[in-house]
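Everything on this sheet refers to the single structure shown next.
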There are 2 protein chains.
Amino acid sequence: MSRPLAHPNIEDTTVAGILHALADPLRVAIVRELLNAEARLNCTQVTNRLEVDLPKSTCSQHYRILRESGLIISERKGVELTSRVRVRELEARFPGLLQSILNAYEQETAKTQQ
Amino acid sequence: MSRPLAHPNIEDTTVAGILHALADPLRVAIVRELLNAEARLNCTQVTNRLEVDLPKSTCSQHYRILRESGLIISERKGVELTSRVRVRELEARFPGLLQSILNAYEQETAKTQQ
DNA sequence: TTCCGTAGTTCAATAATACTGAACAATAAA
DNA sequence: TTTATTGTTCAGTATTATTGAACTACGGAA
């Protein structure tokens, strides 16, 4: 794996970047899974929980976009890459944004019934 | 101008579509301008207020994306195209979403000072 | 050590989107 | 009619996204 895992400072994150990252349902699902998890999960664990079968390269790109947008922080643990959502920082920078987006996504799927 | 101006039913709008539309600062600026206006504005009026000089074709595409995402409703008034934001409907479908995104964008620019 | 398996990354080719100049269509006004 | 205005469509170009294949890095077994 490449050496440097660059994360933007929270004050350098942009709304456009965050919205772009979260405009993809799969990336939203990853974020939600990371939020729900008791412990830090690696990429494989997340995709397993999501029960999707996506190519590793695609997965890697999605994490890169989430990372570069400032939504997650990733760390290497041996061969694995574990990630967590930057909840506190994001809340401080853009209060309510992440939650309302996640709410909206839930609303969308919830209303599918009937 | 082409005849049919198709607008999605509000229940067919998606969060992904809305986030994608609002992931572009210019489109957000258009939405904000439409929200602030006392009366319905046409495309030219909006771009004039924004003091940007963007090609007509580009402008047209942005409006199409806003329309197809469900964010705005457009009507032809003679040669002009006037638009308004679907505030009520959006609020009913995804409560708080639009406002928190607009807030976040304001936060972002506000913090640029100092 | 060396070898093997696992977890992700990078590269490159292809596909899908976005941007925009130029030609066009539709309406209003002269 | 003719002309000006407003926006659309088309087509070419550029940017971004997807993904198979080769690769890197680390841990564990032998």
Side-chain angles (χ1 to χ4, degrees), chain A residues 1-7 14 16-30 33-34 37 39-50 52-69 71-84, chain B residues 1-7 14 16-30 33-34 37 39-50 52-69 71-84:
Chain A
M1 289 115 213
S2 78
R3 240 67 295 295
L5 265 185
H7 297 89
T14 65
I18 289 171
L19 296 192
H20 171 252
L22 295 180
D24 182 304
L26 181 56
R27 285 195 289 263
V28 175
I30 292 173
E33 212 56 56
L34 290 176
R40 293 180 67 128
L41 301 177
N42 67 32
C43 304
T44 306
Q45 290 170 324
V46 170
T47 55
N48 283 344
R49 290 189 178 203
L50 294 176
V52 294
D53 183 31
L54 80 162
K56 293 190 299 175
S57 52
T58 305
C59 192
S60 192
Q61 298 304 324
H62 284 310
Y63 276 85
R64 184 179 56 76
I65 288 173
L66 288 172
R67 204 158 47 231
E68 293 181 351
S69 73
L71 278 162
I72 66 171
I73 283 194
S74 306
E75 266 179 55
R76 301 199 193 281
K77 302 279 189 183
V79 285
E80 305 172 12
L81 188 81
T82 63
S83 304
R84 65 175 176 81
Chain B
M1 288 118 214
S2 79
R3 241 65 298 294
L5 265 186
H7 297 89
T14 64
I18 289 172
L19 296 193
H20 170 251
L22 295 180
D24 182 304
L26 181 57
R27 287 196 287 264
V28 175
I30 292 174
E33 213 56 57
L34 290 176
R40 292 181 67 127
L41 301 177
N42 67 31
C43 304
T44 305
Q45 291 170 324
V46 170
T47 55
N48 283 345
R49 292 190 176 203
L50 294 177
V52 294
D53 181 33
L54 80 163
K56 293 189 299 175
S57 53
T58 305
C59 191
S60 192
Q61 297 305 323
H62 284 310
Y63 275 85
R64 184 179 57 76
I65 288 173
L66 288 173
R67 204 157 49 232
E68 294 180 351
S69 74
L71 278 163
I72 67 171
I73 283 194
S74 305
E75 267 178 55
R76 300 198 193 282
K77 302 278 188 182
V79 285
E80 306 172 12
L81 188 80
T82 64
S83 303
R84 65 175 176 81

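Bear in mind that the values here come from a model prediction, so they are computed numbers and not experimental data. Order of the sequence lines fixes the chain letters, A, B, ..., with proteins taken first and strands second; residue numbering starts at 1 for each chain.
Rounding to the nearest 0.5 angstrom, the gap separating the CG atom in B:L66 from the CD1 atom in B:I73 is 12.5 Å. With rounding to the nearest 0.5 Å, the separation of CD1 in A:I72 from CD1 in A:I65 is 10.5 Å. Here the CG atom belonging to A:L26 is positioned 4.5 Å from the NE2 atom belonging to A:H62, to the nearest 0.5 angstrom. Between A:K77 atom NZ and A:N42 atom CG the span is 11.5 Å, to the nearest 0.5 Å. Summarising the geometry, atom CG belonging to A:L5 is positioned 13.0 Å from atom OH belonging to A:Y63; distances are rounded to the nearest 0.5 Å.
Computed from coordinates, the B:H62 NE2 to C:dT17 P distance equals 17 Å when rounded to whole Å. Following rounding to the nearest Å, A:L66 (CG) and C:dG8 (C1') show an atom-to-atom distance of 15 Å. For the pair B:Y63 OH and D:dG7 C1', the computed distance is 11 Å after rounding to whole Å. A:R76 places its CZ atom 10 Å from the C1' atom of D:dT24, with the value rounded to the nearest Å. Rounded to an integer number of Å, the gap from A:R40 CZ to C:dA7 C1' is 16 Å. Between B:L26 atom CG and C:dA18 atom C1' there is a gap of 13 Å when expressed in whole angstrom units. Nucleotide C:dA7 holds its P atom 14 Å from the CG atom of A:L41, rounded to whole Å. Between B:E68 atom CD and C:dT17 atom P there is a gap of 12 Å when expressed in whole angstrom units.
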Between the protein and nucleotides 20-24 of chain C, which nitrogen or oxygen pairs are less than 3.5 angstrom apart?
| from | atom 1 | to | atom 2 | distance (Å) |
| --- | --- | --- | --- | --- |
| C:dT20 | OP2 | B:T58 | OG1 | 3.2 |
| C:dG21 | N7 | B:S57 | OG | 3.0 |
| C:dG21 | O6 | B:S57 | OG | 3.2 |

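Here D:dA25 is the nucleotide among D:dT8, D:dA25, C:dT9 with the atom lying nearest to any side-chain atom of A:V79. Of the candidate nucleotides D:dT5, D:dA17, C:dT9, D:dA17 has the atom lying nearest to any side-chain atom of A:H20. Listed nucleotides D:dG7, C:dC19, C:dG8 differ in distance to B:S60; the shortest reach to its side chain belongs to D:dG7.
In this structure, the side-chain contact (heavy atoms from CB on, under 4.5 Å) partners of B:T14, at least two apart in sequence or on a different chain, are A:E108, B:A16.
No side-chain heavy atom of A:L71 sits less than 4.5 Å from a side-chain heavy atom of A:R27.
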